[in-house]
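Residues: numbered from 1 along the sequence shown.
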Amino acid sequence: MTESTAARKPRRSAGSKATGTTGTKAGATGAKAGTTGTKRTTRTAAAQKGSETELVQLLTPEGERVETAGNSAYAEYAAFVADITPDELRGLYRDMVLTRRFDAEATALQRQGELGLWASLLGQEAAQIGSGRATREDDYVFPTYREHGVAWCRGVDPTNLLGMFRGVNNGGWDPNSNNFHLYTIVIGSQALHATGYAMGITKDGADSAVIAYFGDGASSQGDVSEAFNFAAVYNAPVVFFCQNNQWAISESNEKQTRVPLYQRAQGFGFPGVRVDGNDALACLAVTRWALERARRGEGPALIEAYTYRMGAHTTSDDPSRYRHDDERAAWEAKDPILRLRRFLESANHADEGFFAELEAESETLGKRVREVVRAMPDPDRFAIFENVYADGHALVDEERAQFAAYQASFAEAEGV
């Protein structure tokens with residue numbers, strides 16, 4: 001795998017500039033969405049604007065640095081990226097470009113029948129790369145099934161993510177090699193796993209931290225609330241990173257919550273903050289803040305990365321059935337990759353040679369992904385019946401026999 005140029009930052013001392021807060025100011029969530037006869041939902045421009053005010057943002061959609069002087073909340077987080085170098089900024093950009101290229105290739109491979117399913121991260125690159133690059137090597141990550149960018153940051157070969165989606169393995173990598181847990185399909189359960197792990201490393205006397213990823217839909221699961229409560233009561237060094245991409249499959253945010261998601265942390269007794277999830281620099285800064293306070297023994301924090309799922313929930317989903325194109329168009333104008341590119345260009349941190357070289361590298365990555373997937377074996381159609389019960393089960397045997405007969409019917413039809 002190609003190593004990223006965005007090196008991990010060394011750990012800050014206990015005298016770090018961050019002090020921890022009870023959450024930044026945030027505007028209310030968008031107004032109730034109107035519906036159309038086709039059951040698609042859209043938000044008004046005013047609602048969109050209202051939901052984006054007072055986010056922690058260090059780069060505007062136009063790629064300009066936000067002035068943090070006089071804004072204590074912004075300045076506190078900006079301190080965590082005050083010493084970031086042009087090389088590290090180029091590394092963040094490279095990470096996002098290559099992650100998007102890998103994601104596009106995986107989507108195409110699913111459409112070609114090479115993968116059974118794929119969950120795209122399109123539009124969420126900044127949230128994942130920014131937060132992923134904030135982690136230390138000894139931190140532990142608990143992902144969902146969409147954290148391809150975080151996996152990249154943790155050094156997991158992207159081709160190892162694809163075996164599960166092809167049906168040839170149950171994960172594809174050793175979690176302990178990269179401190180990156182296997183993808184979790186059960187919605188929200190990884191928040192409890194992360195909390196338990198964080199409680200464990202505290203007992204071991206480690207000064208590392210844990211980060212759990214989940215979506216806005218998972219925030220409605222009881223497991224997440226239970227994880228919040230355990231983490232708060234036991235002061236666990238865990239960061240809850242919610243990528244609020246506005247849609248839990250076809251359910252909009254307005255149908256899930258009456259308050260901004262980050263405010264839920266207050267009810268459990270720990271800080272919450274909403275960050276612009278399309279701003280890689282802000283995501284890096286806020287996640288560094290949360291991880292460092294966790295390592296210092298100050299307990300959990302909740303980060304709500306306010307972003308947008310540009311594509312379908314998975315390749316089995318059709319978002320045109322429940323949302324309008326104009327909503328996506330409004331978010332495309334805030335594209336996380338374009339935003340950072342504009343900043344790199346305006347600050348003279350990157351030239352055309354850099355972008356051309358990166359484009360060639362992304363094509364090389366896409367070619368390698370295609371070759372690796374097409375060289376994988378076909379999935380064993382009967383593997384689903386294995387390891388369901390330790391000693392076998394009559395009902396599973398019956399279902400296996402029915403499936404075998406069903407498969408055999410195709411061979412019989414071809415022989416007719």
Side-chain angles (χ1 to χ4, degrees), residues 7-21 80 127-128 130-145 147 149-156 171 173-184 186 188-214 218-219 221-243 264-265 268-273 283-305:
R8 288 191 180 91
K9 294 292 293 177
R11 177 180 173 231
R12 292 177 185 258
S13 66
S16 168
K17 296 178 183 179
T19 57
T21 65
F80 284 89
Q128 294 195 17
S131 62
R133 284 297 168 203
T135 61
R136 276 188 350 205
E137 230 176 281
D138 59 333
D139 294 333
Y140 206 103
V141 177
F142 286 83
T144 66
Y145 45 79
E147 270 66 66
V150 184
W152 173 272
C153 293
R154 299 301 294 180
V156 177
W173 65 91
D174 177 2
N176 292 323
S177 295
N178 307 80
N179 279 11
F180 184 78
H181 200 265
L182 296 177
Y183 276 3
T184 305
V186 178
S189 63
Q190 71 278 8
L192 276 173
H193 303 160
T195 300
Y197 192 93
M199 291 165 62
I201 62 174
T202 299
K203 291 183 179 296
D204 291 340
D207 69 343
S208 53
V210 179
I211 183 167
Y213 289 86
F214 56 94
S219 71
Q221 292 290 102
D223 282 5
V224 173
S225 290
E226 290 170 14
F228 286 0
N229 193 52
F230 268 95
V233 170
Y234 290 95
N235 206 47
V238 58
V239 173
F240 298 105
F241 194 93
C242 176
Q243 291 175 85
R264 292 186 180 182
F268 292 90
F270 57 88
V273 58
C283 289
L284 175 64
V286 170
T287 310
R288 280 180 175 171
W289 161 79
L291 288 170
E292 289 194 14
R293 68 180 300 279
R295 296 187 195 109
R296 292 195 303 269
E298 296 178 24
L302 170 63
I303 299 171
E304 178 193 355

(request) Could you check Val224 against Phe240 for side-chain contact (heavy atoms from CB on, under 4.5 Å), going step by step and ending with a plain yes or no? (result) CA-CA 9 Å; Val224 173; Phe240 298 105; 5.9 Å; no

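- Atom NE2 of residue His181 and atom OG1 of residue Thr144 lie 13.0 Å apart, to the nearest 0.5 angstrom.
- A 4.5 Å side-chain heavy-atom check between Ile201 and Tyr140 finds every atom pair outside the cut-off.
- Atom CZ in Phe180 sits 10.0 Å away from atom OG1 in Thr135 (nearest 0.5 Å).
- Leu291 approaches Ala134 most closely through the heavy-atom pair CD1-O, 3.5 Å.
- Heavy-atom minimum distance, Ala265 versus Pro271: CB-O, 3.6 Å.
- Between Thr195 and Tyr234, the closest side-chain pair of non-hydrogen atoms is not below 4.5 Å.
- When every heavy atom of Ala212 is checked against every heavy atom of Ala191, the shortest pair comes out as CB-CA, 4.2 Å.
- Looking only at atom types and distance, the side chain of Ser208 has no donor-acceptor partner in the side chain of Arg136 under 3.5 Å away.
- A donor-acceptor pair is defined here as one N or O able to donate and one able to accept, closer than 3.5 Å; no such pair exists between the side chain of Arg295 and the backbone of Ala290.
- Taking CZ from Arg133 and CD from Gln128, the interatomic distance works out to 12.5 Å, rounded to the nearest 0.5 Å.
- Between the side chain of Arg293 and the backbone N or O of Pro300 there is at least one donor-acceptor pair closer than 3.5 Å.
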(request) Verify side-chain contact (heavy atoms from CB on, under 4.5 Å) between Phe80 and Leu284, making sure each step is shown before the conclusion. (result) CA-CA 8 Å; Phe80 284 89; Leu284 175 64; over 6 Å; no

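- Heavy atoms only, all atoms of each residue included: Val238 and Ala231 are closest at CG1-CB, 3.7 Å.
- Contact check for Phe214 versus Phe142: no side-chain heavy atoms found under the 4.5 Å cut-off.
- Side-chain N/O atoms of Ser131 and Tyr213 include a donor and acceptor closer than 3.5 Å.
- Using modelled atom types, no side-chain atom of Ser225 and backbone atom of Gly222 make a donor-acceptor pair closer than 3.5 Å.
- We find the CG-OG1 distance between Leu182 and Thr184 to be 7.5 Å, quoted to the nearest 0.5 Å.
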(request) I would like to know whether Trp289 and Val273 meet side-chain contact (heavy atoms from CB on, under 4.5 Å); could you show each step before the answer? (result) CA-CA 11 Å; Trp289 161 79; Val273 58; 3.8 Å; yes

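- The closest donor-acceptor contact from the side chain of Asp223 to the backbone of Leu192 lies at 3.5 Å or more, if one exists at all.
- Annotation: side chain of Asn179 is not in contact with side chain of Glu137 (no heavy-atom distance under 4.5 Å).
- With values rounded to the nearest 0.5 angstrom, Asn235 atom CG is found 8.5 Å from Glu298 atom CD.
- The CD atom of Gln190 sits 8.0 Å away from the CD atom of Glu147 when rounded to the nearest 0.5 Å.
- Aromatic ring centres of Tyr183 and Trp173 lie closer together than 6.0 Å.
- Under the 3.5 Å distance criterion, the side-chain polar atoms of Arg264 are matched with a main-chain donor or acceptor of Ser219.
- Between Thr287 and Ile303, the closest side-chain pair of non-hydrogen atoms falls below 4.5 Å.
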